[in-house]
Amino acid sequence: MDLEALKKEQLDLKKNLRLIDRLKVENIRYIAGVDLTYLDIWKNPTEGIACAVILDLKNCSEVVEIKYALKEVNFPYIPTFLAYRELPLVLEVTERLKNRVDVFMLDGMGIIHPRKMGIAAHFGVVRNCVSIGCAKSFLIGDYNEPKNEPMSYEILRIDGEKVGYVLRSKKNTKPIFVSPGNNITCETALEISMRCLNGYKVPEPTRLAHNYLQVYRKKLLAI
DNA sequence: GCGACAG
DNA sequence: ATCTTGTCGC
């Protein structure tokens with residue numbers, strides 16, 4: 001594969017990024033969490049499974065809709081090119097949702113990326129929707145360690161530019177990395193992510209998508 | 001050149 | 001990204 005060509009594609013997609021709030025925070029109500037796994041990551045790392053869960057932010061626990069999708073995954077995992085591996089399944093599963101979605105939350109980076117085109121930003125540009133990236137571990141950037149208390153956060157910068165936040169979602173737990181995908185600001189992405197926290201490291205939308213995936217996966221393996 | 005590196 | 005049990009800290 002030609003990674004240089006894909007880099008150019010990412011830089012081209014970047015021109016369509018809109019890092020301003022399309023929605024007022026008070027009007028954001030339905031948030032969809034998306035996650036992905038593989039049927040047998042060791043023997044068969046090519047059978048991907050995706051799950052999308054819509055939550056009502058009014059109580060942050062009422063599940064409005066759940067959808068799944070299965071698809072062959074051929075592109076390998078290469079840091080900074082995750083979208084080329086996972087986006088096809090993410091697009092497929094989100095297209096199956098019938099209910100209203102105000103914001104999509106993906107498991108991965110938004111603009112905390114060498115070319116500001118992490119999977120959440122890529123998805124947001126391709127779908128022209130509002131998206132947020134919530135990653136569980138570090139990829140790139142400079143930041144100070146947030147204090148060891150829930151809701152403590154610090155700015156993350158790349159080349160001196162603010163591109164997201166490092167958020168301590170839970171005490172004695174490594175922080176998560178929050179950044180805008182598309183059509184949203186760093187501040188709103190952080191605020192929405194914080195509002196979705198429910199005592200766990202991972203925000204409810206992607207946490208539930210991940211949990212439902214495990215159940216669905218075991219069900220498939222039992223057949 | 002070397003190391004680091006979302007899922 | 002998965003698996004699995006115990007163990008440790010709040």
Give every residue pair that meets the ring pair (Phe, Tyr, Trp, His ring centres under 6.0 Å) criterion with at least one member in residues 108-133 of chain A, sequence neighbours excluded.
Y84(A)-H122(A), F104(A)-F123(A)
Side-chain cluster (under 4.5 Å, hydrophobic types only) that L19(A) belongs to, other residues
L13(A), L17(A), M109(A), I111(A), I112(A), M117(A), V125(A), F138(A), L139(A), I140(A), Y143(A), L156(A), I158(A), V163(A), V166(A), F177(A)
If you link ILVMFWY side chains whenever their heavy atoms are less than 4.5 Å apart, which other residues fall into the same cluster as V202(A)? By chain and number, please.
none
Between the side chains of [Y] and [X], is the shortest nitrogen-to-carboxylate-oxygen separation below 4.0 Å, so that they form an ion pair?
{"X": "K24(A)", "Y": "D21(A)", "answer": "no"}
{"X": "R96(A)", "Y": "E65(A)", "answer": "no"}
{"X": "E4(A)", "Y": "K8(A)", "answer": "no"}
{"X": "E145(A)", "Y": "R168(A)", "answer": "yes"}

Which of residues 156-177 of chain A sit near DNA chain C, with a heavy atom under 4.0 Å from it?
K171(A), N172(A)
Are any non-hydrogen side-chain atoms of C129(A) and V101(A) less than 4.5 angstrom apart?
no
Is there a chain of hydrophobic side chains (I, L, V, M, F, W, Y, each step under 4.5 Å between heavy atoms) that links Y200(A) to M105(A)?
no
Contacting residues from residues 182-211 of chain A, given that a heavy atom lies under 4.0 angstrom of DNA chain B:
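None - not one residue of the stretch has a heavy atom sitting under 4.0 Å from the strand.
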Would R100(A) and D102(A) count as a salt bridge (Lys or Arg N to Asp or Glu O under 4.0 Å) if you check the C-alpha gap in whole Å, the side-chain angles of each, and the deciding distance to 0.1 Å?
CA-CA 7 Å; R100(A) 168 186 149 195; D102(A) 297 316; 3.0 Å; yes
Can you name the residues that form a ring-ring contact (aromatic ring centres under 6.0 Å, His included) with Y153(A), not counting sequence neighbours?
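Partners of Y153(A) under the ring-ring contact (aromatic ring centres under 6.0 Å, His included) test: Y165(A).
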For atom CG of D2(A), decide whether the heavy atoms of other residues, nucleotides or ligands shown that lie under 6.0 angstrom number more than 12.
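Atom CG in D2(A) is packed in, count exceeds 12.
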First and last nucleotide of DNA chain C, 5' to 3', lying under 4.0 Å from heavy atoms of chain A:
dA1(C) to dC10(C)
Indicate whether any N or O donor in one side chain lies under 3.5 Å from an N or O acceptor in the other, for R217(A) and T37(A).
no
Report the stems of DNA chain B as range-with-range entries sorted by first number; a stem here is at least three consecutive pairs, Watson-Crick or G-U wobble, both distances under 3.5 Å, and write none if there are none.
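Listed by first number, the stems come to none.
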How would you list, by chain and number, every residue that makes a salt bridge (charged side-chain N to carboxylate O under 4.0 Å, His left out) with R157(A), sequence neighbours excluded?
none
Residues which pass side chain to side chain donor-acceptor pair (under 3.5 Å) with N128(A), listed by chain and number, not counting sequence neighbours
R22(A)
Where DNA chain C forms runs of at least three Watson-Crick or G-U pairs (i with j, i+1 with j-1, under 3.5 Å), the stems are none
Do you know which two heavy atoms are closest between E47(A) and E72(A), and how far apart they sit?
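Answer, listing the atom of E47(A) first, then E72(A): CG-OE1, 4.3 Å.
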What does the B/S/- profile of nucleotides 1-7 of chain B look like, 5' to 3', with a 4.0 Å heavy-atom cutoff to protein?
----BBB
CG-CD distance between L57(A) and E204(A), expressed to the nearest 0.5 angstrom:
10.5 Å
